[in-house]
Amino acid sequence: MEMKNGSQYCVETLSYLIEQDSRAGRLSNYLNNSEITPDMRNKAVSYIMKVGEQEGIEIEAAQTAVIILDRFLEKVGTKPTVLRLVSIVSLLIAQKFQGPMKITVNQVFTLTGGRYSVNDIKLIELFVLQKLNWKLNAPTVGELTRLLLEITGLNYDFSKIIERANAFGMVCYADYNLSQFLQVEISIASLVCALEQLGQINFRNQWLRMLRSKLNLGLQGADVCKRSLVEKLLSETPEYDHCKLECLRRNNIIDVSDHKD
């Protein structure tokens, strides 16, 4: 695939979202000294994804819900007993922001086994929004992934690449340590893994160099994220299947972006 100049609008939009992401910053080690463990948090994220998939909620809304959950837990000491409620309320808020509405407060009441009244759920929703200062415009991996490909200016069907990249991105969201990278770092790492699995090596190389030249984007964080993601995948994959992941270990992102063909 031959790179073309992406539209100036796409470049400006992507630059704006990356700046927003940078301002929000990486998550702190917010579960340190918390009653909630990383495993509890990871299970809560898996629950968000499961409900989102069951209800047909767009992946970007599910990703926004995870961001809301993490940012809330970073600010508020939360009891394990209410973690599932906060998780599903985060999804409720996210779909209102992203649209369309697939679950309602009454469905949240059902999903939580009727343990909380509809009024309590609404109060929790308001409390979460207040603690986040009503700021829900954080970019998601899905949103950034689309723009990071559109910036190439290619008239190409990227749907398969985006689907694969989102799958890698969700692995990062579901892992406490990986989720602490910036959204753009997760997006780039996930896209590189997707391109490598799909054998799009030349495109990967050109695209990474384009990111540096067009956005003046540092890739060190994405490089660390990618290596951490691959290590996680290898640790969770039976040894006899490691050969299927060898394609993800070819080059570090920094090496590729610095190298000239």
Side-chain angles (χ1 to χ4, degrees), residues 3-28 30 58-71 74 94 97-98 132-154 156 158-159 161-173 175 177-196 200 203-229 252-258:
M3 295 288 182
K4 300 179 181 179
N5 291 325
S7 71
Q8 186 60 29
Y9 173 77
C10 182
V11 173
E12 290 175 357
T13 302
L14 186 53
S15 297
Y16 171 72
L17 291 176
I18 290 171
E19 182 182 354
Q20 275 190 320
D21 187 32
S22 179
R23 284 182 179 177
R26 291 184 178 88
L27 289 164
S28 63
Y30 62 87
E58 296 291 334
I59 192 167
E60 287 181 26
Q63 292 174 348
T64 297
V66 176
I67 294 171
I68 291 170
L69 174 66
D70 281 333
R71 292 298 178 182
E74 187 180 35
F97 178 68
Q98 293 278 4
L132 297 181
N133 295 319
W134 298 84
K135 294 179 180 177
L136 304 178
N137 56 345
T140 64
V141 165
E143 183 178 17
L144 288 167
T145 294
R146 283 186 289 102
L147 288 169
L148 285 165
L149 290 171
E150 287 175 10
I151 199 176
T152 63
L154 292 172
Y156 183 80
F158 289 116
S159 57
I161 298 172
I162 291 172
E163 182 181 358
R164 190 72 59 90
N166 269 322
F168 283 118
M170 294 307 266
V171 172
C172 293
Y173 275 119
D175 182 88
N177 293 317
L178 284 169
S179 69
Q180 293 176 345
F181 285 94
L182 293 174
Q183 299 297 303
V184 69
E185 293 169 345
I186 296 174
S187 299
I188 293 170
S190 298
L191 268 169
V192 169
C193 286
L195 291 169
E196 289 174 349
Q200 299 281 4
F203 176 72
R204 176 203 64 183
N205 298 348
Q206 294 176 60
W207 172 71
L208 284 171
R209 288 194 286 275
M210 172 180 274
L211 294 186
R212 277 206 157 170
S213 63
K214 195 175 285 288
L215 296 172
N216 192 29
L217 196 60
L219 298 174
Q220 291 86 350
D223 187 61
V224 176
C225 182
K226 192 230 176 181
R227 285 187 275 116
S228 300
L229 172 57
N252 291 333
I253 289 174
I254 294 296
D255 296 337
V256 172
S257 60
D258 283 340

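The model shown is predicted, which means the values in this text are computed figures rather than measured ones.
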State which residues pass side chain to side chain contact (heavy atoms under 4.5 Å, CB included) with [X]; sequence neighbours excluded, sorted by chain then number.
X: S28; result: Y30, E74
X: D21; result: P139, L182, Q183, V184
X: A165; result: T145, S190, L191, A194
X: T13; result: Y9, L17, L147

How far apart are the closest heavy atoms of [X] and [Y], and which atoms are they?
X: W207; Y: L148; value: NE1-O, 2.7 Å
X: N166; Y: G142; value: OD1-CA, 3.4 Å
X: L229; Y: C193; value: CD2-SG, 4.0 Å
X: M210; Y: T152; value: SD-CA, 3.8 Å
X: V171; Y: L178; value: O-CD1, 4.5 Å
X: L217; Y: R212; value: O-CG, 3.6 Å

How many angstroms lie between atom [atom1] of [X] and atom [atom2] of [Y], to the nearest 0.5 angstrom?
X: Q200; Y: Y156; atom1: CD; atom2: OH; answer: 4.5 Å
X: L219; Y: R209; atom1: CG; atom2: CZ; answer: 11.5 Å
X: I18; Y: L14; atom1: CD1; atom2: CG; answer: 4.0 Å
X: S213; Y: L208; atom1: OG; atom2: CG; answer: 11.0 Å
X: D70; Y: S179; atom1: CG; atom2: OG; answer: 4.5 Å
X: T64; Y: I59; atom1: OG1; atom2: CD1; answer: 11.0 Å

Checklist entry - More than 12 heavy atoms of other residues, nucleotides or ligands under 6.0 Å from CG of N216: is that the case? => result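 At most 12 heavy atoms, drawn from other residues, nucleotides or ligands, come within 6.0 Å of this atom.
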
Next on the checklist: So does A62 get a backbone contact from the side chain of Y173, meaning a donor-acceptor N/O pair under 3.5 Å?
Outcome noted: no

Next on the checklist: According to salt bridge (Lys or Arg N to Asp or Glu O under 4.0 Å), who are the partners of R146, at least two apart in sequence or on a separate chain?
Outcome noted: E60

Checklist entry - Under the salt bridge (Lys or Arg N to Asp or Glu O under 4.0 Å) test, which residues partner E19, sequence neighbours left out? => result R23

Is there a side-chain contact between [X] and [Y], using heavy atoms and a 4.5 Å cut-off?
X: V224; Y: F181; answer: yes
X: Q220; Y: E185; answer: no
X: L195; Y: R164; answer: no

Next on the checklist: For a quick check under 3.5 Å, do Y16 and Q20 share a side-chain donor-acceptor pair by atom type?
Outcome noted: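 Looking only at side-chain atoms, Q20 and Y16 do form a donor-acceptor pair, the distance falling under 3.5 Å.
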
